[in-house]
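All values below come from the heavy atoms of this structure, side chains included, with hydrogens, waters and symmetry mates left out. Here, residue 1 is the first one in the sequence, and each next residue gets the next number. Because the structure is predicted, anything quoted here is derived from the model rather than measured. Numbering of ligands and ligand atoms starts at 1, following listing order.
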Amino acid sequence: MPLRKMDVVVVGAGFSGLYLLHRLRSAGFSVTVFEKADQLGGTWHWNRYPGARCDIPSLQYSYQFDEDLQQDWNWTEKYSAQPEILEYLNHVADRFDLKKDIEFNTEVVAAKFNEEKSLWEIKTSNEELESKFCVMATGCLSAPNTPDFEGMKDYEGQLLHTGKWPQRPVDFTDETVAIIGTGSSSIQAIPVIAEQAKHLYVFQRTANYSIPSNNGPMNTQEEADVKSRYPEFRKENWDNGFGIAGLEIEALAVEAGEEERKEKFNVHWENEGLGFLGTYADLMLDKDANEMAAVFVREKIREKVKDPEIAELLRPEYTIGCKRLCVDSGYFEAFNRDNVTLIDLNTNPIARITPEGLVAGMEEYSLDSLILATGFDAMTGAVTRIDIRGRRGVSLKDQWKNGAKSYLGLGISNFPNLFTVTGPGSPSVLSNMVPSLELHVEWISNCIEWMRENKKSVIESTKTVEDEWMILVNEVADQTVYKSCKSWYNGSNIDEKAKEFLPFIGVPPYTEKITQVAEQNYQGFVFDKTN
Ligand code: N01
């Protein structure tokens with residue numbers, strides 16, 4: 001039987017994949033989205049742990065490509081919970097009739113570029129097919145990191161990962177539960193699980209900064225105001241360094257008086273969530289300014305946590321924001337409960353997992369459920385876990401072994417006609433993801449359309465431009481405090497991964513750059529290269 005052929009294969013049916021399908025199909029291309037889950041949603045499908053919600057206000061963390069959509073949809077809370085975001089994505093899929101071109105329960109396992117035919121040979125869990133283009137809409141935080149604790153395979157209780165939460169209801173009533181990790185996912189889950197479980201043990205390797213979400217029902221007046229000027233509101237946010245509202249772009253913490261600074265930190269602490277880091281323009285640029293913000297948050301932790309020893313353990317010492325800042329609803333307060341125990345893994349390392357629970361330090365913990373909240377192989381993992389081979393059979397995993405290099409986070413040398421949405425080298429995780437991915441979807445779709453109009457068959461980045469670009473990515477990061485601690489931004493959460501800072505910091509200059517590249521006929525990319 002002849003192989004199925006299409007113009008574009010899109011991998012992943014999350015925010016990016018859905019919009020890609022809509023854009024490319026509207027432009028007349030044949031497109032299929034392959035999704036390994038049995039339903040759409042991407043990260044919002046998999047991360048359904050208790051307390052999962054967006055920590056960017058939903059009036060911002062939503063599509064803006066269709067004015068009617070953004071006017072019609074009403075969010076019920078300031079920060080939407082995972083089920084509502086999934087409902088929104090299903091609404092979008094139904095509204096634009098997308099589901100008919102999504103193949104669920106279908107994993108893309110391999111993709112190989114055929115240089116003679118100039119097309120991708122795609123192997124899914126169901127079939128082999130051919131496509132001119134392949135777009136990885138696989139998300140930045142979608143390949144779970146599962147540490148290989150000794151004995152884990154013999155554990156007989158319920159083993160869960162926050163990033164791969166089951167669809168069935170999970171009830172912790174009367175259970176003794178352990179959670180390993182204290183990143184954003186855990187910080188959201190802990191207060192909710194603590195209310196249900198008989199006892200919750202929290203195993204912490206590194207304390208984390210978290211800002212209260214002060215979440216609540218949507219303020220309908222604010223919603224109406226935003227909706228009355230949605231395009232302007234989006235543009236104002238986009239002009240900020242991180243593409244989200246509430247960021248100060250001029251005043252410096254180091255120039256402010258102590259009282260004034262405290263007052264301003266307080267206002268942002270109460271109202272801005274992640275935007276706390278935007279209280280002053282120099283917080284992520286100057287380590288003295290950063291320390292002022294860090295001291296403020298450490299003091300807040302001390303005020304919230306009744307037991308001074310626990311408060312001490314929960315107080316991070318490193319630069320605030322160099323690990324992804326967290327936003328919570330009652331995280332620190334959860335440690336005031338009698339049924340929550342914090343265990344410091346630095347003094348009580350996990351020795352092994354047993355069939356009944358785990359051993360850490362001198363203690364053995366008997367558990368009903370063990371939750372790994374241990375994060376992701378961020379930014380590259382979802383792509384390198386697929387066997388992708390470009391020119392001369394080069395494997396992408398091998399090419400990225402010493403560091404992921406990409407031109408603008410969009411194209412990779414040796415991998416023609418392959419695009420990544422919010423790939424390494426783009427602002428992605430250091431921006432509001434939804435407008436960032438919309439920007440990329442539009443750039444990629446426009447590029448493919450331009451190629452059709454200009455009779456070009458093959459586009460690729462070159463090693464020279466991507467080397468230069470990644471040098472710039474790191475030079476920009478060097479001017480900030482982002483590299484001053486271990487984080488998944490620089491691969492340090494995965495042992496075997498290159499320790500390299502991956503996101504480009506600065507939405508406005510990045511947007512200007514990729515717009516310019518497109519206007520200059522995709523400057524830096526080469527077309528129809530012959531070997
Ligand atoms: O993962 P993380 P996450 N032994 O990597 C610990 C986004 N997100 O799933 O810091 C013991 O942040 C690890 O310790 P350490 C958001 O961008 C968004 O929580 O490496 N501990 C850390 O405490 C976020 O940043 C929302 O020392 C181990 C934790 O596990 C990103 O997803 C909600 C360990 C992992 O924290 C990832 O968050 C939730 C080991 N072997 C998440 N390995 C929104 O609201 C790891 N740890 C949009």
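Proximity of Pro147 to ligand 1, defined as any heavy-atom pair under 4.0 Å, is confined to the side chain (atoms from C-beta onward). Here Ile56 has no heavy atoms under 4.0 Å from ligand 1, in either its backbone or its side chain. In Gln204, neither the side chain nor the backbone holds a heavy atom less than 4.0 Å from any atom of ligand 1. Only the backbone of Ala373 comes within 4.0 Å of ligand 1, judged by heavy-atom distances. By the criterion of a heavy-atom distance under 4.0 Å, the side chain of Tyr49, and not its backbone, is placed next to ligand 1. In Lys486, neither the side chain nor the backbone holds a heavy atom less than 4.0 Å from any atom of ligand 1. If you look at Phe203 next to ligand 1, there are no close heavy atoms at all, none under 4.0 Å.
When only non-hydrogen protein atoms are considered, atom 45 (O) of ligand 1 lies nearest to Arg53 O, 2.7 Å. Of the protein's non-hydrogen atoms, Lys323 NZ, 2.8 Å is the one closest to atom 10 (O) of ligand 1. The protein heavy atom nearest to atom 36 (O) of ligand 1 is Gly183 CA, 3.5 Å. Nearest protein neighbour of atom 48 (C) of ligand 1, counting heavy atoms only, is Asp55 OD1, 3.6 Å. The single protein non-hydrogen atom nearest to atom 32 (O) of ligand 1 is Leu141 CD1, 3.5 Å, given as residue, atom name and distance. Here the protein heavy atom with the shortest distance to atom 15 (P) of ligand 1 is Thr206 OG1, 3.4 Å. For atom 20 (O) of ligand 1, the closest non-hydrogen atom on the protein side is Arg205 NH2, 2.9 Å. The protein heavy-atom contact nearest to atom 22 (C) of ligand 1 is Thr182 N, 3.9 Å.
Remark: side-chain polar atoms of Lys323 are not paired, donor with acceptor, to backbone N or O of Gly321 under 3.5 angstrom. At distances below 3.5 Å, not a single donor-acceptor pair connects side-chain atoms of Arg352 with backbone N or O atoms of Val359.
Closest approach of Arg385 to Asp377, counting heavy atoms only: NH2-CB, 3.5 Å. Minimum heavy-atom separation, Val421 to Ser16: CG1-OG, 3.5 Å. When all heavy atoms of Leu430 and Phe242 are compared, the pair lying nearest together is O-CD2, 3.1 Å.
Under 3.5 Å, the side chains of Ser428 and Ser436 contain no donor-acceptor pair of N or O atoms.
Closest heavy-atom approach to atom 42 (C) of ligand 1 among the candidates Ala360, Ala52, Ser184, Ala207: Ser184. The closest non-hydrogen atom to atom 6 (C) of ligand 1, taken over Gly181, Ser185, Cys485, comes from Gly181.
Note that OH of Tyr482 and CG of Leu285 are 9.0 Å apart. Values are rounded to the nearest 0.5 Å.
Residue Tyr79 places every heavy atom at 4.0 Å or more from ligand 1.
In Lys304, the NZ atom is crowded: over 12 heavy atoms of neighbouring residues, nucleotides or ligands sit closer than 6.0 Å. Crowding of Arg95 atom CZ: a count of heavy atoms from other residues, nucleotides or ligands under 6.0 Å exceeding 12. Other residues, nucleotides and ligands place no more than 12 heavy atoms under 6.0 Å from the CG atom of Asp148.
Taking every non-hydrogen atom of Gln188 and a distance limit under 4.0 Å, the qualifying atoms of ligand 1 come out as 33 (C), 45 (O). Distances below 4.0 Å separate heavy atoms of Ile180 from the following atoms of ligand 1: 11 (C), 21 (N). Applying the 4.0 Å criterion to heavy atoms of Leu345 picks out, from ligand 1, the atoms 11 (C).
Taking the six-membered ring wherever Trp is involved, the centroid distance between the rings of Trp73 and Tyr63 does not fall below 6.0 Å.
Under the 4.5 Å side-chain criterion, counting only non-hydrogen atoms from C-beta, Asn290 is not in contact with Tyr280.
When only interatomic distances are considered, the shortest N/O to N/O separation between Trp488 and ligand 1 falls below 3.5 Å.
Ring orientation note: the planes of Tyr88 and Trp75 are tilted relative to one another, at an angle of 30° to 60°.
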